[in-house]
Amino acid sequence: MKLVESTWLEVEAYLKHASGIIIPCGSTEQHGPMGLIGTDALCAELIAGRVADETSTLVAPALFYSPAPFNTGFPGTLSVSEELFQAMVGEILCCLIAQGFRSVYFLNGHGANIAPLSRCAANHPPGRTRIRSWWDFPAVDALRRDYYGDWEGLHATPSEIAITQTRYRAVPAGLAAAPPQALSAAEAASRAGDRHGHPDQHRRQFPDGRVGAHSALANPGQGGALLAAAVAAVSEDYADFVN
Ligand code: NI
């Protein structure tokens, strides 16, 4: 059930028998030559929407605006500061908790959200919040590795693009038809959590926007399987969280 498509009376009735809510978290940033700007938020929203249906849970509007300063050298990327994102999430959390929501589950699709989300969660008692990225779950990660191996890469990944292709348009590969420059394991590790540095330098180093990811390997069939695996894993984890 989508919060924005509910009435306040329906939310009040929901809170008489449930107290959990899912908040999809993404970004508005370039995702290479064939990835949609909203990829991170669209993936989180798609997965969270299905989980909400399967678990009869409310799902809040997705957070599309988040920190992505490293990608602002590419047109279409709309980045807000970590401080602003953290303040916004903090106020949303306080609102929910004051109204009787006891369990707030952040389903994340953007690496740079993890640090500010974790700092928000730290301001509330343990057990009130849970933060998971959809690729965290072993069954989902195994599929990504199986389909794409090292070409999954870090940004504009074939797995996230495949998930968007289940619902939104598939963009022709164009510049992304050729494999990207490969990342060493050390370089990949140094960029964990989206530590990509200054925007000018980032665009110079990765001119088409992909970071080690061979986006063109994506197809909607694999996207459907990734989506199903993520929905199953998140539904189970959400049930564990609220019970
Ligand atoms: Ni992404």
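For ligands, and for the atoms within them, numbers begin at 1 and follow the listed sequence. Predicted model only: the values in this text are computed from it and were never measured. We count residues from 1, following the sequence as given.
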Quiz prompt | Nearest non-hydrogen partners of Ile161 and Gly35, listed with the distance | solution = CD1-CA, 3.8 Å
Practice problem: Name all residues meeting the ring pair (Phe, Tyr, Trp, His ring centres under 6.0 Å) criterion together with Phe206; count only those two or more places apart in sequence or in a different chain, and write none if there are none. | Solution: His202
Exercise. Please say whether the positively charged group of Arg132, taken as NZ for Lys or CZ for Arg, lies over the ring of Tyr105, i.e. under 6.0 angstrom from the six-membered ring centre and within 45 degrees of the axis.
Key: no
Quiz prompt | Under 3.5 Å: donor-acceptor pair, side chain of His124, backbone of Cys94 | solution = no
Quiz item: Checking Thr157 side chain against Glu152 main chain: does a donor-acceptor pair fall under 3.5 Å?
Solution: no
Self-check item: Cationic N near anionic O, under 4.0 Å, Arg50 to Asp53
Solution: no
Self-check item: Nearby protein N/O/S atoms (those under 2.8 Å) for the Ni ion (ligand 1), with water ignored
Solution: His31 NE2, Asp40 OD1, Glu160 OE1
